[in-house]
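The structure under discussion appears below in the form of structure tokens.
Throughout, a chain's letter reflects where its sequence line sits, starting with A, and its residues are numbered from 1.
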Amino acid sequence: MSHSTTYVPKSAFAKWFETRLPVAGLVHSSFIAFPVPRNLTYFWTFGAILVFMLAAQIVTGVFLAMYYTPNAAMAFQSVEHIMRDVNYGWLLRYLHANGASMFFIAVYIHIFRNFYYGSYKAPREVLYILGVVIFILMMATAFMGYVLPWGQMSFWGATVITNLFSAIPLVGDTIVSYLWGGYAVGNPTLNRFFSLHFLLPFMIAGVVILHVWALHVPGQNNPTGIPIKSGKDAVPFTPYATIKDVFAVVVFMLFFAWWVFYIPNYLGHADNYIPANPAVTPAHIVPEWYFLPFYAILRAIPDKLGGVIAMFSAIVIWVFMPWLDTSKVRSTAYRPLYKQFFWVFVAVCVLLGWLGAKPAEGYYTLAAQICTVYYFAHFLIVLPVLGFIERPLPLPNSILESVMGVQKVGAGMPAGAHAEPQSKG
Amino acid sequence: MAHPTHAVEPTRRDFLFIATGAAAAVSGATLVWPFVQSLAPDAATVAAGAPVEVDLTPIAEGQIVKLFWRGKLIFVRNRTPAEIKAAEDVNVATLRDPQADAARVKAGHAQWLVVYGNCTHLGCVPLGHQGEYEGWFCPCHGSIFDTSGRVRGGPAPTNLPVPPYTFTSDTKIVIGQEATA
């Protein structure tokens, strides 16, 4: 990593080790002495919560893989075997299945925190794009994981999602048969999904390391959006951020435990307790809740290829956000006009999620179409235009001033020096 | 590599560098081929795609039978005279995927409709005798098919395709084999 460390090895062994592998110095500079803005809220603890969730999913997943059989004839039975016979198998499976939903709850809060406080803007574009990559990998992992129990929703979810690729002109059908390893979703499909479901979390872990690395170059954004200017704006990562992160993770674990122990099947679908049957599609097929907004966009377009393109574009457009947003002010707290559009956007996303779970007919389709248009307009019209017409509120001179008030800081500078260019984070 | 001294003429080292790089790139690209090909349907799956014989005698008038060929669902429908008439009376030019009913059944066997049983939108199984035209209705995204398996509404882009099959007698068909005569 780029910064030099202030770590001083105390023992002779530590000194000997540090000259051979300076990992203690790296940890010290990244997670102990690292300066974090003093005004971070609990919204900034979701990174740590997400790291915890990734670790939890990998640990529970590795144990489940010891008992699961990736074979179309045995997969469903092996999951029931885990639930009924394996010691604490029910707990491992419920932790893993609900863990996926908790992972997505945390990631959506993390993403919308980033949208609200403009964390995607310079100089954090690469950090942000790595985050989008992680999100896409998470979606792929979650989708393939949902196929593994080989219930009705697994099978038909796999059929519908893999068929999305058949919309590609000319080569679509070939691509789909290569995804399936056959002429329909079947045993080869289940086998390769299991293999990839095991692999992808470790790829996510790799990208997470890059994401954290990229974060530690400019440092964290904060609720004011203005960078750390002096030592008084910051506190050391340990103990301040460490204890706050750990506390947040513990509270999140309570929330997680509530789902696991009280309503473990609430987020699932009853149809997935029926073994996969390629001759019957469930009457109402819906993806997991975290895919619903994108599913609504897919169904809103009355054209197969168009729907698929719109759905993938809905995520890919995030990558261009740092350049679509023309405002120099990061934090929405100082953008009175954008603040309203932000909450409209949040409402539209929630509404799309709700519509994704409704049948695709009548007014639902019309509403989904209106929401889809607005979703894209937010990125392609609202973000570029507001930067030019909006008059931002005056920014504080420093993080310290925003926390303590102007008088206490005593800088005596006019508070109206707003919208200063922020080229450096 | 701070200050490479470039000769005016390419040197032996330049040649070796480019030749090695080209060899590495070509072999790397070649290595991708077996990995990608391994994802394709394997020999056993392809072999399992041999033609299947279907006896039509137990299928009552109006009934739809589901069967599998190559792991794909197939509908065999014994159409009623009213269903045949509805399918034939359509103005083909108004269809999304224009195809006459006569082109979707075998000559002299208009009673029998044989089509793939997965919606051409995203592969769900449409429900028989439902929807506006009482052909099929897909519960997933609302595609509507008529009694000839042609798309009449919803997001499906094409008609339910007709698999290759042939009549070996008036009451027997072989799916996966086209008539040779």
Contact origin within Pro282(A) toward chain B - heavy atom pairs under 4.5 Å: backbone
Worked check of salt bridge (charged side-chain N to carboxylate O under 4.0 Å, His left out) between Arg77(B) and Glu83(B): CA-CA 10 Å; Arg77(B) 181 168 185 156; Glu83(B) 287 171 349; 3.0 Å; yes
Top of Ala40(B), Pro126(B), Cys119(B), Cys138(B) for chain A proximity - count of heavy-atom pairs under 4.5 angstrom: Ala40(B)
Distance flag, aromatic centroids of Phe379(A) and Tyr374(A), threshold under 6.0 Å: no
Listed partners of Asp42(B) passing side chain to side chain donor-acceptor pair (under 3.5 Å), at least two apart: Thr45(B)
Cystine candidate Cys140(B)-Cys124(B), SG separation under 2.5 Å: yes
Flag, side chain of Arg150(B) to backbone of Asn159(B), donor-acceptor distance under 3.5 Å: no
Those residues that, when tested against Ser154(A), pass side chain to side chain donor-acceptor pair (under 3.5 Å) (two or more places apart): Asn272(A)
Pairs meeting criterion side-chain hydrogen bond (donor to acceptor under 3.5 Å, both in side chains) with involvement of residues 114-136 of chain B, two or more places apart: His121(B)-His141(B)
Residue part contacting chain B, namely of Phe165(A), when any heavy atom lies under 4.5 Å: neither
Part of residues 176-198 of chain A lying next to chain B, heavy-atom separation under 4.5 Å: Ser177(A), Tyr178(A), Trp180(A), Gly181(A), Gly182(A), Tyr183(A), Ala184(A), Arg192(A)
Crowding at CZ, Phe17(B) (>12 non-hydrogen neighbours, <6.0 Å): no
Pick from Gly142(B), Pro139(B), Ala156(B), Pro41(B) with the largest number of heavy-atom pairs that fall under 4.5 Å of chain A: Pro41(B)
Which portion of Ile161(A) sits near chain B, non-hydrogen atoms under 4.5 angstrom: neither
Proximity breakdown for Ile285(A) and chain B, heavy-atom pairs closer than 4.5 Å: side chain
Lys106(B) to Tyr165(B) six-membered ring, cation-pi geometry met (6.0 Å, 45°): yes
